[in-house]
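Read through the structure below, which is laid out as structure tokens, and then see the notes.
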Amino acid sequence: MTFTSKRHGRLWPLGWALSLFFSCLLSTAATAGPTVQFFGWGGSTQVNQYIQWVSAQTEVEFGIRVNHVKLADTSDAVSRVLAEKAAGNHHAGSVDLLWVNGENFAAMQAHGLLKDPWVNQLPNFSLTRPGDNPSMTMDFGVPTQDQEAPWGKAAMVFYYNQQRVKQPPRNLPQLLLFAQQYPGRFAYPLPDDYLGISFLKYAALVLNPQHQSLMYKPVTPAALAQISQPLFGYLDALHPLLWQQGTYFVRQASGLQQLFSDHETLLSFSFTAAEIPAAVNRFDLPESTRTYAMEDGSLANVHFLAITYNSAQSAAAQTVVNFLLSPRAQAYKQRLEVWGDETVLAVDALTQRQQQMFTTGEHPAAMRKTGYSRLLAEPHASWADALRDAWYARYGARW
Amino acid sequence: MVFELCIRSARALFYLVLLLPVCVGVMGIVLPAVGYFPALGETEFSLTAVHRLLAVEGLPKMVLLALFTSISATVIALLCTIALLAQFYQRPALQIIQHGLSPVLAIPHAATAIGIGFVLAPTGWVARLIASVTESWQLPPQSSLLYDSQGVAIILALAVKELPFILLMALGVLSQPHLKARLAAQFAVAQSLGYQRQTAFIYAVFPVVYSQLKLPIIAVLAYASASVEIPLLLGPQNPPTLAVAILQWFNHIDLSMRLLASAAACLQLLVTAGAVGLWLLAERVAKLFFTGLVVNGARGDGARLIAFCAWLTASVMALMISVFLVSLLSWSVAGYWPYPQLLPGSVTVQHWHTAAQALADPLANTVWLAGLATPIAVVLVLLFLEGESVAQRRQRRYFTVDQVLFIPLIVPGVAFLYGLVWCTQWLLPGHVWLPTVVSHLIYVLPYVFLSLAVAYRRLDIRFINVASSLGASPWQVFLQVKLPMLFAPVMVAAALGAAISFGQYLPTLLASGGRLATLTTEAVATASGGSRRLTAVYAIMQMLLPLAGFVLAWLLPRVLFNPAQRHHTGAK
């Protein structure tokens with residue numbers, strides 16, 4: 001027997017498999033059209049699914065894919081862009097589109113990480129009627145300067161399990177009483193998380209009725225001392241009554257939902273009211289969950305979309321944002337079963353047919369539109385850092 | 001000649017992949033640690049970062065927690081392995097244990113952490129069972145084993161993950177042909193001298209096994225001292241283990257924290273070295289003590305204790321793994337499932353449906369990464385081993401250092417990966433796949449080698465001699481004799497390599513900058529999210545994927561290359 005080509009026959013399946021492998025490789029690599037790298041918080045299934053829907057739409061309409069890079073914290077993306085700038089990467093940045101608001105926007109503006117003004121050029125931006133709605137161009141007390149486009153509106157809501165709790169707290173002092181009645185059954189996330197810092201802002205605003213105006217100006221040491229005194233007095237009393245006696249804080253807002261779902265906590269809160277009925281539908285929250293707003297005020301804000309200064313896909317990113325501001329995309333987003341995020345468009349100004357798209361369904365666990373007693377505007381962006389640092393200084397660092 | 005060149009370059013590449021990224025990565029953290037970080041405008045050498053690190057509140061606790069959890073977990077895993085082996089050596093039960101534990105090896109760390117979290121949670125089955133039986137606990141208990149400041153949950157999860165690895169490594173040693181008969185004989189002699197079987201194993205067999213087990217154990221220990229997924233999901237927060245703190249510092253929005261993080265990463269290197277040093281020291285002490293035990297002439301001491309420990313280990317592992325699997329499975333299809341009901345109120349496939357939509361891209365990325373890294377690793381290892389066998393036949397000295405393989409496994413990823421990422425961003429800005437595949441390759445290569453080397457070195461040299469005498473060139477021998485004969489082990493090695501690639505969390509996250517979502521990164525992300533049900537689906541998917549690889553590795557050789565089968569049918 002000699003070694004001739006006859007025996008090569010035995011290797012054909014391997015060769016076949018290899019050629020299949022490489023042809024697949026080529027076909028994937030050959031997908032045409034730009035991909036917009038969309039960096040945004042990825043903790044909500046609904047939001048993630050909505051962005052998948054967006055990608056499918058933009059791929060059909062414009063040949064643009066949207067890749068959602070799911071962040072635990074938006075500041076991760078900001079630090080990435082900052083690192084790219086430091087490393088001299090000014091044209092081929094890895095972040096194209098960013099879901100931001102408030103302090104991350106302010107930080108990016110301060111570091112020159114945002115694309116030059118672009119929002120006014122979007123045809124659909126005018127549908128938000130920015131002239132009549134100052135909140136479309138102000139983000140945490142900082143003018144957006146046309147560098148970020150509004151995307152949706154949100155307000156803080158609380159939810160409870162009506163089978164276990166008959167009378168949920170209606171204001172901050174009642175919340176402390178609730179914690180005394182049910183020790184260990186309330187939690188809030190670390191102040192690194194947006195919901196954690198939002199809770200601190202809400203408490204700071206409500207506990208300082210005389211000095212609220214201080215919080216709408218850039219923070220000063222004196223103002224911080226004034227504001228934080230009642231805040232820390234309250235938290236000192238609350239912390240031992242928190243879940244895990246306040247020794248362990250959940251890192252992310254979504255962790256709160258799981259605690260509530262497990263009945264480890266009996267009262268919880270969220271900045272995305274619509275996620276609660278959706279989570280009930282997904283079985284992630286009990287059927288007896290009910291949503292309401294605090295009577296002493298609900299922190300409310302608009303969330304935005306920004307394009308980085310070094311985005312390699314700036315034009316495609318603008319096309320995507322314009323699509324996100326279209327009545328179709330905004331109406332789909334507002335549907336309770338999709339995301340339930342309130343539209344930024346001035347619905348009254350739309351055509352009759354477009355307005356019809358915005359009718360939303362009802363759900364026993366959903367927040368009623370009329371349920372808000374009073375909305376609290378976001379404090380100036382500089383307060384977030386100040387309150388956070390003060391919190392860590394007082395209650396110890398957590399990692 | 002071309003083949004020879006291939007072999008040589010493969011050998012160079014092999015060492016390059018194992019050493020270069022680690023060296024570059026370590027440089028990439030040492031320089032910032034001493035203040036050299038041009039990207040941030042820091043070009044003066046200073047010890048500011050080190051001082052800042054030393055001023056961090058709770059730093060000693062972080063270091064102690066890393067040392068305590070890793071050493072405890074490894075000791076527990078090793079003791080349980082010894083007990084299992086001593087009790088079941090040469091008994092059929094050992095095979096059952098082996099088959100039961102092998103799949104656990106393929107479960108990624110992240111999935112282990114998620115599963116253990118499910119078991120220990122205050123609303124887990126244990127708590128629900130107690131609540132239903134005692135009819136107390138209307139609400140879930142407020143204290144739980146999770147997030148405790150001593151890291152008990154971390155130790156438990158690490159031990160569950162390490163035990164199968166150490167045990168299977170030990171079984172591999174025991175099955176080596178040149179050792180098998182000798183150890184059996186020693187075991188028989190010891191028993192004939194009146195020692196109980198358990199003691200006979202520990203005195204006469206285990207020392208030989210341990211000498212070969214040492215390196216894998218050290219790798220496991222080193223990994224545990226710097227692992228991220230398990231302490232991140234199950235560990236305390238104030239303070240966490242050092243590795244978790246490093247992760248948070250590196251990701252901090254304030255870029256100057258990177259200097260602190262780099263200094264901490266250097267400290268992590270010392271901590272890992274310290275853990276290994278402590279282990280080696282303890283080993284010496286244990287040896288002294290052990291030598292005394294062996295020659296004191298006492299018979300039968302502790303046999304009962306060992307038997308008890310072995311049965312305890314086996315049953316705890318069996319119980320744990322079944323509760324773990326059943327919890328994941330039931331959560332993944334659960335409708336409403338209020339506490340303290342033992343079973344979900346309804347069953348739905350909705351979570352699987354959701355996951356199927358969300359996981360299409362991550363799944364493709366996962367498979368691509370493994371599909372790129374694994375074949376490269378397999379080819380490199382095969383050529384490397386071929387070079388070794390050619391050199392042996394020519395009686396030439398061949399520079400093989402199996403120890404080099406352990407370098408990427410021992411140097412903590414959290415320490416060198418950041419430095420590596422920094423360098424690749426500088427050299428190859430904008431590239432995503434290349435750095436990610438390379439960072440996977442660093443981890444895939446050693447395991448593929450460990451898995452393949454045994455079979456390759458064991459191949460009967462007479463086949464090669466016969467083929468060569470028939471006029472086959474080295475290339476023909478390699479391609480037409482060796483590869484078909486080694487097809488099954490090659491497939492197993494590839495499956496192992498793919499499983500390792502599937503499970504990589506930190507390398508994927510860092511090298512791709514989060515832009516390549518894989519099953520593992522998504523699973524860790526959802527684990528801290530709102531849906532326990534979806535997390536369960538992700539964790540199950542994480543286990544299914546490597547399993548599919550191993551099933552394929554088992555099936556393919558039967559279908560494609562099975563000389564024995566062919567010979568058999570031909571003889572009919």
Side-chain angles (χ1 to χ4, degrees), chain A residues 1-3 7 10-11 13-14 21 28 37 42-45 48-49 52 67 69-72 75-76 78-80 82-83 86-87 89 92 94 107 164 183-185 243-244 247-252 254-258 261-264 266 275 279 282-284 286-287 312 396-399, chain B residues 39-40 57-58 121-123 139-140 142 147 149 236-240 244-245 248-249 251-255 334-339 348 350-351 354 357-358 361 364 368 371 425-426 429-430 432 467 470-472 476 479-480 484 513-515 517 522 525 528-534 560-561:
Chain A
M1 188 179 97
T2 51
F3 285 81
R7 296 203 49 155
R10 297 227 175 139
L11 283 171
L14 191 65
F21 178 83
T28 325
Q37 300 293 341
S44 157
T45 321
N48 300 349
Q49 282 177 338
Q52 280 189 344
N67 181 37
V69 180
K70 301 182 192 73
L71 302 172
S75 62
D76 293 350
V78 181
S79 86
R80 166 168 283 266
L82 200 55
N89 176 0
S94 54
R164 307 229 177 205
R185 302 297 171 189
W243 177 71
Q244 303 274 328
T247 58
Y248 188 93
F249 285 77
V250 294
R251 287 176 209 281
Q252 289 176 34
S254 44
L256 280 191
Q257 193 177 303
Q258 186 155 316
S261 160
D262 285 346
H263 304 287
E264 285 194 60
L266 294 177
E275 82 179 12
R282 282 200 313 267
F283 310 104
D284 279 328
E287 263 176 309
R398 318 279 163 137
W399 290 290
Chain B
L40 282 186
E57 201 189 334
T123 47
L139 284 170
Q142 294 205 21
Y147 325 120
S149 54
Q237 181 173 60
N238 187 20
V244 172
Q248 313 279 1
W249 288 333
N251 290 337
H252 203 279
I253 184 162
D254 178 3
L255 284 185
Y336 296 117
W337 192 4
Y339 178 90
T348 169
Q350 190 187 333
H351 320 306
T354 312
Q357 287 175 337
D361 279 354
W368 276 118
Q425 274 177 358
W426 175 55
V432 179
L470 286 171
Q476 283 177 313
L479 197 69
Q480 295 178 4
R515 275 176 295 174
E522 294 291 287
S528 46
S531 176
R532 200 179 267 288
R533 291 156 179 83
L534 203 59
L560 295 183
F561 297 99

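Small disclaimer: the values here were computed from a predicted structure and weren't measured. Just so we're on the same page: letters track the sequence lines, and every chain starts at 1.
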Exercise. Name all residues meeting the side chain to side chain donor-acceptor pair (under 3.5 Å) criterion together with A:Glu275; count only those two or more places apart in sequence or in a different chain, and write none if there are none.
Key: A:Ser270, A:Thr272

Practice problem: Check side chain to side chain donor-acceptor pair (under 3.5 Å) between B:Thr123 and all other residues, then give those that pass, not counting sequence neighbours. | Solution: A:Asp262

With only heavy atoms counted, which part of [X] is less than 4.5 Å from chain B, the side chain, the backbone, both or neither?
X: A:Glu264; answer: both
X: A:Leu266; answer: side chain
X: A:Gln52; answer: side chain

Quiz item: Under 3.5 Å, is there a donor-acceptor pair between the B:Ser531 and A:Arg282 side chains?
Solution: no

Practice problem: Determine the option with the most heavy-atom pairs under 4.5 angstrom with chain B, choosing from A:Pro183, A:Ala279, A:Ala312, A:Gly396. | Solution: A:Pro183

Practice problem: May I ask you to decide if the ring planes of A:Phe283 and B:His351 are parallel, tilted or perpendicular, using 30° and 60° as cut-offs? | Solution: perpendicular

Quiz item: Which atom pair, heavy atoms only, marks the closest approach of B:Gln476 to B:Gly471?
Solution: OE1-O, 4.2 Å

Exercise. Could you tell me which portion of B:Gln357 (side chain, backbone, both or neither) has an atom closer than 4.5 angstrom to a non-hydrogen atom of chain A?
Key: both

Quiz item: Looking at B:Ala517, B:Ala358, B:Ser149, B:Ala121, which one has more heavy-atom pairs under 4.5 Å with chain A than the rest?
Solution: B:Ala358

